Amino acid sequence: MDKDVLGGMDGLAEEDQMRMPAMVELLQIRDSLKFYYSLVERCFRDCVDTFRRKTLDKQEESCVRGCAEKFMKHSMRVGLRFTEINQGVATPD
């Protein structure tokens, strides 16, 4: 675990310091799952209209692929902007 991520733990009890990396990891896993579920829900809602078959038809598959790609690009861009802002080097859009 990166020391910068866990910085400022000196005031915590040793037991709490030992548990902190596991808690951070759990939060990261939770956030990853929320991101994934949000992606699936959004693209399914936007792209799947009927339940005619077990599989997606070509139009639905194309829509889901484009939706997921757009969602991922948007999320990466938002993450970069947060990083820029936190580092104080925000660029005008």
Side-chain angles (χ1 to χ4, degrees):
M1 177 73 40
D2 188 1
K3 290 217 182 247
D4 291 339
V5 172
L6 299 175
M9 288 187 4
D10 295 337
L12 294 177
E14 187 175 333
E15 182 180 325
D16 290 336
Q17 288 181 17
M18 299 289 285
R19 286 190 293 180
M20 191 59 73
M23 292 174 70
V24 169
E25 186 175 348
L26 265 173
L27 289 172
Q28 289 173 335
I29 290 169
R30 186 196 67 188
D31 288 344
S32 295
L33 288 173
K34 279 184 177 181
F35 176 81
Y36 174 76
Y37 290 137
S38 177
L39 168 65
V40 169
E41 181 181 350
R42 172 75 185 256
C43 293
F44 186 85
R45 184 180 56 235
D46 289 351
C47 298
V48 179
D49 298 325
T50 63
F51 297 97
R52 296 182 300 264
R53 295 180 226 132
K54 290 192 277 185
T55 60
L56 299 175
D57 63 27
K58 288 185 185 226
Q59 182 180 1
E60 291 170 332
E61 188 175 336
S62 175
C63 180
V64 168
R65 186 172 286 121
C67 176
E69 186 176 312
K70 186 175 183 178
F71 191 92
M72 294 294 288
K73 284 181 180 179
H74 170 75
S75 295
M76 288 186 338
R77 180 64 182 133
V78 168
L80 287 173
R81 285 294 287 163
F82 277 128
T83 301
E84 290 171 356
I85 290 168
N86 285 337
Q87 292 176 349
V89 292
T91 57
D93 281 338

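For clarity, every value in this text was computed on a predicted model and none was experimentally measured.
Phe82 pairs by the ring pair (Phe, Tyr, Trp, His ring centres under 6.0 Å) definition with nothing, not counting sequence neighbours.
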Would you list the atom pairs, donor with acceptor, under 3.5 Å between side chains in residues 29-39 and any protein atom, with sequence neighbours excluded?
unit_1, atom_1, unit_2, atom_2, d
Ser32, OG, Gln28, O, 3.1

Which donor-acceptor pairs under 3.5 Å do the side chains of residues 53-68 make with protein atoms, sequence neighbours left out?
unit_1, atom_1, unit_2, atom_2, d
Asp57, OD1, Gln59, N, 3.2
Asp57, OD1, Glu60, N, 2.8
Asp57, OD2, Arg52, NH2, 2.6
Glu60, OE1, Asp57, N, 3.1
Glu61, OE2, Arg65, NH2, 3.2

> Taking it one step at a time, do Gln87 and Glu84 satisfy side chain to side chain contact (heavy atoms under 4.5 Å, CB included)?
Replying inline: CA-CA 5 Å; Gln87 292 176 349; Glu84 290 171 356; 5.8 Å; no
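The environment of Arg42 atom CZ is sparse: at most 12 non-hydrogen atoms of other residues, nucleotides or ligands sit within 6.0 angstrom.
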